[in-house]
Protein chains: 2
Amino acid sequence: MERTPPHPEKEQFDLQRVLEALVDPVRRSIVTQLDAAGEDIACGAFDIAVSKSTATHHFKVLREAGLIRQHYVGTSRMNALRRTEMDQAFPGLLDAITPRVAEAGANVASAARDTVSARRLQSQGIAAAGEQAPDPGGVSRQLDGPVVRRS
Amino acid sequence: MERTPPHPEKEQFDLQRVLEALVDPVRRSIVTQLDAAGEDIACGAFDIAVSKSTATHHFKVLREAGLIRQHYVGTSRMNALRRTEMDQAFPGLLDAITPRVAEAGANVASAARDTVSARRLQSQGIAAAGEQAPDPGGVSRQLDGPVVRRS
DNA sequence: ACGGAAGTACGACTATCATCGAACTTTGAT
DNA sequence: ATCAAAGTTCGATGATAGTCGTACTTCCGT
């Protein structure tokens, strides 16, 4: 491999694609973790509750939307948030969906209140990664095997 | 009827729900038109290329996400953008997805570049409402009959 | 050279959702 | 009273996208 996968240019960023990428809780979680870390993170080092193949899919969607930049380091694929470029393309967007850490007198209902919305998560058996999710099933960080799909 | 449908409180706004509402091009177009108009608009007065029943569905999703407020005036259902509340709940979000009208020296790639993404639109036979969409099919504003679905 | 680690690719399965038409309701004119 | 306008509700349908497992590829130690 070695050859870095295709990344869109900043000028080619498409709002529709970006939103489609960000609407998925798992992908938004990836973006959030990258934003919080402030440094590159390997695909396998994320706290997400999906199988490897599914994770690959999510990273691909994020990359094609221009949200992350990927490059290899050994067998590991590192991911970096394309903060600056995204901010230039769609000012305020990442800030809006990134959990705020309690903003002084500001409203409480920020992205921090994003409980990773149990709704679709429950219906698909996804364990809420970080946040304050109730996590009724007790699952929260599987090692290798993906999430059990009830029903 | 008369009785106004259920609207979520500002404190109940959920990022996941809001994003799911905004990811649809038709719904985002509705929000955009409301934002541009600055005043209430009746359901039937929007420039969207879907049938009435589908439109009803979209308005419901927007309302349940807290993006719009609906109330009856005669047989017409008026829609208002809940700008202030949304801005308090998720600062910058609406600004980020609302087409900017060329912002001085700022980057060009703003939400204005959202060509309503032909991608899924084409695949579903949706006519791009406003914007600068190519609109290959020539359809752009159906009176009553909805969009033809090719294949 | 071998084996494991880290991902990717591919095909299959499901659930969701945008869409429509037809039937129904409500309201305001005529 | 009647009618039309404006929406809603109710299935049905079709496409998309998230998910998984298996098989395959690459790279790095040992």
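Residue numbers begin at 1 in each chain, while the letters A, B, ... track the order of the sequences.
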Residues clustered with B:Met78, ILVMFWY side-chain links under 4.5 angstrom: B:Val73
Salt bridge flag under 4.0 Å for residues B:Asp87 and B:Arg83: yes
Using whole Å, what does the distance between atom [atom2] of nucleotide [N] and atom [atom1] of [X] come to?
X       : N      : atom1 : atom2 : answer
B:Gln16 : D:dG18 : CD    : P     : 11 Å
B:His71 : C:dT27 : NE2   : C1'   : 16 Å
A:Phe59 : C:dA9  : CZ    : P     : 14 Å
B:Asp24 : D:dA17 : CG    : C1'   : 15 Å
B:Phe46 : D:dA6  : CZ    : P     : 15 Å
B:Arg28 : C:dA18 : CZ    : P     : 12 Å
A:His57 : D:dG21 : NE2   : C1'   : 16 Å
B:Lys52 : D:dA6  : NZ    : P     : 7 Å

Touch class at under 4.0 angstrom, heavy-atom based, for A:Ala42 against every strand present: sugar-phosphate
Sugar-phosphate only, base, or nothing, as touched by A:Ser76 at under 4.0 Å among non-hydrogen atoms: sugar-phosphate
Phosphate OP1/OP2 of C:dC20: any B:Thr54 side-chain N/O under 4.0 Å: yes
Contact under 4.0 Å: B:Thr75 side-chain N or O vs C:dT27 OP1/OP2: no
Of the nucleotides [options], which one has an atom closest to the side chain of [X]?
X       : options               : answer
A:Glu20 : C:dA6, D:dA17, D:dG7  : D:dA17
A:His58 : D:dG21, C:dG7, D:dG18 : D:dG18
B:Arg27 : C:dA18, D:dT19, D:dT9 : C:dA18

Plane angle bin for A:Phe46 and A:Phe59 - parallel if under 30°, tilted between 30 and 60°, otherwise perpendicular: tilted
Residue list, salt bridge (Lys or Arg N to Asp or Glu O under 4.0 Å) with B:Arg63, at least two apart or on another chain: none
Qualifying residues under salt bridge (Lys or Arg N to Asp or Glu O under 4.0 Å), relative to B:Arg82, sequence neighbours excluded: B:Glu85
Residue-level proximity of residues 62-70 of chain A to DNA chain D when a heavy atom falls under 4.0 Å: none
5' precedence on DNA chain D between B:Thr56 and A:Ser53 (nearest-nucleotide basis): B:Thr56
With A:Ser53 via side chain to side chain donor-acceptor pair (under 3.5 Å) - residues at least two apart: A:Ser51
With sequence neighbours excluded, residues passing side chain to side chain donor-acceptor pair (under 3.5 Å) with B:His71: B:Asp40
